[in-house]
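Quick notes on the structure that follows.
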Amino acid sequence: MIMTKTKTDAIFQLTAPYDNPFQGKDTRALCVCSAGLLRSPTLANVLIKHGWNARACGSYVDLALIPISLNLISWANRIIFVQKENYDATLKLFSHNTDVVQEILSKSIVLNIEDDSNYNHPRLIRHLIAGLAEHDIHISNNANTIGTTI
């Protein structure tokens with residue numbers, strides 16, 4: 001077990017078996033907002049209902065319930081930032097490691113979703129689905145329809 005001094009230290013350690021074959025073959029999406037409490041968990045719920053394996057986290061380490069980490073970045077096939085400020089904060093956080101920055105750049109899409117809705121609010125869900133469609137990820141608002149393209 002790797003011992004760390006602080007929660008922030010742990011963020012930079014790769015300690016999890018992120019490529020566990022028992023997770024299946026579904027796309028693994030990491031959804032990132034500021035605190036990981038409203039927008040990113042709503043996005044993760046939408047994706048899960050459409051057959052994705054999704055997790056939510058926050059880009060602001062001191063604010064997030066589950067902060068973004070090297071383990072989560074390595075686990076994900078796609079990283080979906082709900083806003084550019086979350087993308088920028090993550091790149092800054094990992095700027096000391098060019099390999100991690102390259103991994104983030106290669107997996108990321110950035111939406112433009114304001115922080116003005118409650119968790120799982122229908123308007124937020126509509127905005128998230130529309131934002132995904134702008135990146136050729138097509139999901140209907142009907143949970144029984146899978147229409148994703150990667």
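Both backbone and side-chain heavy atoms feed into the values below; hydrogens, waters and symmetry mates do not. Nothing fancy with the numbering, it's 1 onward along the sequence.
- For the side chain to side chain donor-acceptor pair (under 3.5 Å) condition, the pairs that include at least one residue of residues 36-47, sequence neighbours left out, are S34-R39, R39-Q83, N45-Y119.
- Nearest approach of D26 to G51, heavy atoms of both residues: CG-O, 3.0 Å.
- Across every non-hydrogen atom of A54 and C31, the tightest pair is CB-SG, 4.5 Å.
- Taking both residues in full, the closest heavy atoms of L63 and A35 are given as CG-CB, 3.9 Å, listed atom of the first, atom of the second, then distance.
- Neither L65 nor I48 shares a network with the other; the hydrophobic side chains, linked directly or stepwise wherever heavy atoms of I, L, V, M, F, W or Y lie under 4.5 Å apart, form separate groups for each.
- The closest side-chain heavy-atom distance from L30 to C57 is below 4.5 Å.
- For the atom pair CG (N118) and CG (L38), the distance works out to 7.0 Å, reported to the nearest 0.5 Å.
- Atom NZ of K107 sits about 5.5 Å away from atom OG of S74, to the nearest 0.5 Å.
- Counting heavy atoms from C-beta on, the side chains of I113 and F81 never come closer than 4.5 Å.
- The CG atom of L70 sits 7.0 Å away from atom CD of E103, with the distance rounded to the nearest 0.5 Å.
- From F94, atom CZ reaches atom OG of S69 across 6.5 Å, with rounding to the nearest 0.5 Å.
- Inter-residue side-chain proximity for V101 and L91 is flagged as met; some heavy-atom pair is nearer than 4.5 Å.
- The nearest pair of heavy atoms linking R123 to D116 is NH2-O, 2.9 Å.
- Closest of all the heavy-atom pairs between S59 and T90 is CB-OG1, 3.5 Å.
- With sequence neighbours left out, L132 forms a side chain to side chain contact (heavy atoms under 4.5 Å, CB included) with L43, L47, I80, I109, L111, I137, I139.
- Put simply, I79 and L37 are part of the same group of oily side chains (I, L, V, M, F, W, Y) that touch within less than 4.5 Å, one to the next.
- Between I66 and L72 there is a side-chain heavy-atom pair separated by less than 4.5 Å.
- In this structure K84 satisfies the side-chain hydrogen bond (donor to acceptor under 3.5 Å, both in side chains) test together with D88, sequence neighbours excluded.
- Residues N53 and W75 have side chains in contact (heavy-atom distance under 4.5 Å, counting atoms from C-beta outward).
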